[in-house]
Amino acid sequence: MKFFIDTANLNDIREAASLGILDGVTTNPSLMAKEGIKGEENILKHYVDICNIVNGPVSAEVISTEYSAIVAEGKKLAALHPNIVVKVPMIKDGIKAIRHFADEGIKTNCTLVFSAAQAILAAKAGATMVSPFIGRIDDSNWDGVQLIEQIVHIYNLYGFKTEVLAASIRNSMHIVRCAEAGADIVTCPLSSILGLFNHPLTDIGLEKFLADYRKLNG
Ligand code: G3P
């Protein structure tokens, strides 16, 4: 399972990359706004800055919603760096654009996916990745991880090549459950990645090992 970080914060990306376990980055317009990145030139430069930190796919989301505008915007994003993956919303024009990008060899991440039905459309259109938002599904009193299981099952039945990228991860248990469900990728905030380290018995055990060492060695 690949680990992506879901942020536009360069320090968080650097910290996750320094662990040696980071495979890629996802961003979205809300995450870019959170970092105060505004204006087309700055936004494009920020994507390049991210690509220069992580050697792996970097999802850059289009803000257009009409087919030809999505295609033009996506081409501009894809031209920024070979690692850019064009993130396209799950709407009719988005699916048409994903098919166009697939035919042109441009990688895509179909975002804002909340059902298996939508995931089937994304795979049929040739999306490189599909992003079901599991945290937001949990927020609406459904089990987001169950959707990951369902999509993985369907994709396996038909040999769809689209990778299942579990998004809207809110905690470390989401990561573990997505791993059990067979997600290809999880994209997480830094806090959820760091949360994977935590176990009180590790802390207690390490403290005891070091205390015993110090007893004899000072
Ligand atoms: O990048 C898309 C997704 O991960 C958003 O997560 O926490 O805003 O639901 P969240």
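Note that ligands are numbered from 1 as they come in the structure, with each ligand's atoms numbered from 1 the same way.
Donor-acceptor pairing under 3.5 Å is recorded for the side chains of Thr26 and Thr187.
Note on residues 91-148: pairs passing ring pair (Phe, Tyr, Trp, His ring centres under 6.0 Å), not counting sequence neighbours, are Phe114-Phe133.
At least one donor-acceptor pair closer than 3.5 Å links the side chain of Asp184 to the backbone N or O of Val164.
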List, for ligand 1, each N/O atom that has a protein N/O partner under 3.5 Å away, with both atom names and the distance.
{"from": "ligand 1", "atom 1": "1 (O)", "to": "Asp6", "atom 2": "OD1", "distance (Å)": "3.0"}
{"from": "ligand 1", "atom 1": "1 (O)", "to": "Asp6", "atom 2": "OD2", "distance (Å)": "3.4"}
{"from": "ligand 1", "atom 1": "1 (O)", "to": "Asn28", "atom 2": "ND2", "distance (Å)": "3.1"}
{"from": "ligand 1", "atom 1": "1 (O)", "to": "Lys87", "atom 2": "NZ", "distance (Å)": "3.2"}
{"from": "ligand 1", "atom 1": "4 (O)", "to": "Asp6", "atom 2": "OD2", "distance (Å)": "2.5"}
{"from": "ligand 1", "atom 1": "4 (O)", "to": "Ser168", "atom 2": "N", "distance (Å)": "2.8"}
{"from": "ligand 1", "atom 1": "7 (O)", "to": "Arg170", "atom 2": "NE", "distance (Å)": "3.3"}
{"from": "ligand 1", "atom 1": "8 (O)", "to": "Arg136", "atom 2": "NH2", "distance (Å)": "2.8"}
{"from": "ligand 1", "atom 1": "9 (O)", "to": "Arg136", "atom 2": "NE", "distance (Å)": "2.7"}
{"from": "ligand 1", "atom 1": "9 (O)", "to": "Ser168", "atom 2": "OG", "distance (Å)": "2.7"}
{"from": "ligand 1", "atom 1": "9 (O)", "to": "Arg170", "atom 2": "NH2", "distance (Å)": "2.9"}

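Through direct or relayed side-chain contacts under 4.5 Å between Ile, Leu, Val, Met, Phe, Trp and Tyr, Ile185 connects to Phe4, Val85, Met129, Leu165.
Residues passing the side-chain hydrogen bond (donor to acceptor under 3.5 Å, both in side chains) test with Asn9 are Glu35, sequence neighbours excluded.
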Worksheet item: Between Lys76 and Glu40, does a salt bridge (Lys or Arg N to Asp or Glu O under 4.0 Å) hold up when you go through it step by step?
Response: CA-CA 11 Å; Lys76 199 169 188 178; Glu40 192 189 3; 2.7 Å; yes

